Amino acid sequence: MPTIENEKKEGAKSFALQDVDIDKVEAHHINIGDDFSEVKPNGLCILAICVVMSGTLMFGADTTLFGAIQAVPSFVNRFCVGDYGTAAECGLADCEAQLKSNPLCAGLSDGDACCATVRANNDDWVNIFLMMGNFLLYFGAAWGALLLGPFIAERWGRRLPIFIGCLIAILGCVFQAYLNFGSKEVFLTARFVLGFGAGTALCILPMYNAEVAVPQWRGITGGLFQFFVVCSGFTAVFLTKFITNYQIILMIPAFAAIIPLVGVFTIPESPRFVMQKHGYEKGFAILQKMRGSDCTHEAQAIWEALEAEKNTKKLSYAQLFTIPSTRKRVLIAIIFQIVQQFSGVNMILGYFGTLMGSVAPDFDPFTASIIYQACFVVGSFIGVAGLDF
């Protein structure tokens, strides 16, 4: 066990909730982090970060493909025709005839654009099937992130929930693509399962990254998390321009999930988790394996933080809003997330193929989706590049 300075021990005691001062607690951790600019990563550390980033590929593909696939004829034929209208009402037949007779197509120049508009105005298709397909993915992700991911991570480590989440997501992809048995209810249930698996893994990936990355890399690797999400989204929609089989398209998130599913067996458990559950020496040994320089001071800081947390009483949900210093921070975080959604970005992603049929039916929806995703990539790159400046 490391030698912990007396003043640090005394400082830890002040973390008790009844006298908690959040600003002092934060300052303690900031001062600890400032001491380790010379800590060097090694190949194992870099590999662990790469596995984390590979996990974002699954999420990026999940959130973009459903919007793009709405313009894929084989998908529309499989899930729209019969359940939500005729082939003509789903925008797959009689396009030239509808161009001349359907008032929705007034002013359009060709039959394909007319069919895209007709499909976009099929209320049952859009407001029932597509809406539920989008909603259930995010609903499942929320429950996976709230329930299964944290539950496993706190008891059995960070790698296991990543593995289980990826496995569940792959099963969800298989059922939505190949084992839906001709049932839209099974397909929609599979959307929930896919989201649940993705949420289970993705709530742990940033945690694991923060616990294995060298301190000076934690900021930029956190930014790279979002960068790789949009890169995977760009890659996924690019592929939909050339793949006509909707089942293969729906399996793209599963292909991406295989990388972290296997990758977790090539990296060690979180040193912080091991130190918390099995003591300083075992945690230090793992941390040293992931560093290219001596990490004694970093390990001591982790241990001191864990000791301080033992003396910190956990906040209830009510106390998040009744303690002034925490209420301010919680409200800022909540409002930021709400305002971010007001941009409409997830709505656009989730209905992209349909939206194009409404606002620009003459423009190729796959090309438009690629351009849209490319803007995300450029914006995220600029954000990451300027993150530590």
Side-chain angles (χ1 to χ4, degrees), residues 59-93 95 98 104-105 108 110-139 172-173 176-177 180 183-192 194-195 232-253 344-373 376:
F59 183 67
D62 288 345
T63 55
T64 57
L65 279 177
F66 195 67
I69 203 173
Q70 293 162 22
V72 175
S74 61
F75 177 78
V76 178
N77 183 62
R78 176 63 189 79
F79 292 104
C80 181
V81 177
D83 289 313
Y84 300 102
T86 64
E89 291 169 333
C90 291
L92 293 179
C95 297
Q98 292 194 79
L104 291 172
C105 301
L108 298 180
D110 65 75
D112 289 340
C114 175
C115 273
T117 299
V118 170
R119 182 166 58 248
N121 284 274
N122 184 328
D123 290 340
D124 288 343
W125 168 246
V126 174
N127 297 328
I128 298 177
F129 184 79
L130 297 185
M131 185 276 290
M132 290 303 296
N134 276 303
F135 168 74
L136 288 170
L137 177 73
Y138 289 105
F139 188 64
C173 287
Q176 72 173 358
N180 55 65
S183 167
K184 59 183 182 295
E185 289 80 13
V186 173
F187 175 86
L188 293 174
T189 301
R191 294 290 294 168
F192 176 86
L194 170 57
S232 64
F234 173 82
T235 303
V237 298
F238 181 81
L239 292 174
T240 61
K241 186 174 176 64
F242 305 100
I243 301 174
T244 59
N245 186 321
Y246 80 89
Q247 293 172 309
I248 296 176
I249 294 173
L250 290 174
M251 284 297 295
I252 290 176
V345 60
N346 284 329
M347 186 275 291
I348 295 172
L349 288 173
Y351 292 95
F352 197 90
T354 299
L355 286 172
M356 288 300 297
S358 294
V359 301
D362 290 310
F363 197 87
D364 177 40
F366 303 109
T367 301
S369 187
I370 290 170
I371 294 171
Y372 186 61
Q373 291 294 327
F376 281 136

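Owing to the predicted nature of the structure, the values given are computational and were not obtained by experimental measurement.
- Here CD1 of Ile248 is found 6.0 Å from CD1 of Ile243. Values are rounded to the nearest 0.5 Å.
- The two residues Met356 and Ala368 come nearest to each other via the heavy atoms CE-CB, 3.5 Å.
- Aromatic ring orientation, Phe75 versus Phe79: tilted (interplanar angle from 30° to 60°).
- The minimum heavy-atom distance between Ile249 and Val72, with the atom names listed, is CD1-CG2, 3.9 Å.
- Minimum interatomic distance between Ala93 and Cys115 (heavy atoms only, all atoms of both residues): O-SG, 3.9 Å.
- Looking at Thr117, its side chain does come within 3.5 Å of a backbone N or O of Gly357 through a donor-acceptor pair.
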Cys114 vs Cys95, test: disulfide (SG to SG under 2.5 Å). Steps then yes/no. CA-CA 6 Å; Cys114 175; Cys95 297; over 6 Å; no
Under the criterion side chain to side chain contact (heavy atoms under 4.5 Å, CB included), I'd like the reasoning laid out for Leu108 against Asp362: C-alpha separation, chi angles, the key distance, then a yes or no. CA-CA 7 Å; Leu108 298 180; Asp362 290 310; 4.0 Å; yes
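- Between the side chain of Arg191 and the backbone N or O of Leu136 there is no donor-acceptor pair closer than 3.5 Å.
- Atom CZ in Phe242 sits 9.0 Å away from atom OG1 in Thr240 (nearest 0.5 Å).
- A distance of 8.0 Å separates CZ of Phe66 from OH of Tyr351, quoted to the nearest 0.5 Å.
- For the pair Phe187 and Gln176, the tightest heavy-atom approach, listed with the atom from each and the gap, is CD1-O, 3.3 Å.
- Put simply, the residue from Leu239, Leu349, Leu250, Ile252 that forms a side-chain contact (heavy atoms from CB on, under 4.5 Å) with Leu65 is Ile252.
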So Arg119 and Leu92, side chain to side chain contact (heavy atoms under 4.5 Å, CB included) or not? Walk me through it. CA-CA 8 Å; Arg119 182 166 58 248; Leu92 293 179; 4.2 Å; yes
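- Residue Phe238 qualifies as open at atom CZ: its count of foreign heavy atoms under 6.0 Å is 12 or below.
- Looking at Gln98, its side chain does come within 3.5 Å of a backbone N or O of Ala88 through a donor-acceptor pair.
- Counting all heavy atoms, side chain and backbone alike, Phe366 lies closest to Ala71 at CZ-O, 3.5 Å.
- The distance from the OG1 atom of Thr64 to the CD atom of Gln373 is 5.0 Å, given to the nearest 0.5 Å.
- Separating the CD1 atom in Ile69 from the CD atom in Gln247 is a distance of 9.5 Å, to the nearest 0.5 Å.
- Scanning both residues, Thr354 and Ala120, for their nearest heavy atoms gives O-CB, 3.4 Å.
- Taking 4.5 Å as the limit, some side-chain heavy atom of Asp364 sits within range of a side-chain heavy atom of Lys241.
- Under a 3.5 Å cut-off, the side chain of Thr189 and the backbone N or O of Glu185 do form a donor-acceptor pair.
- For the atom pair CD of Gln70 and CH2 of Trp125, the computed distance is 7.0 Å after rounding to the nearest 0.5 Å.
- Of the two cysteines examined, Cys80 and Cys90, the SG atoms meet the criterion of being under 2.5 Å apart.
- Side chain of Asp124 to backbone of Tyr84: no donor-acceptor contact under 3.5 angstrom is found.
- Within the 4.5 Å cutoff, the side chain of Phe234 has heavy atoms near those of the Ile370 side chain.
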Under the side chain to side chain contact (heavy atoms under 4.5 Å, CB included) criterion, do Tyr372 and Val237 qualify, and how do the steps go? CA-CA 10 Å; Tyr372 186 61; Val237 298; over 6 Å; no
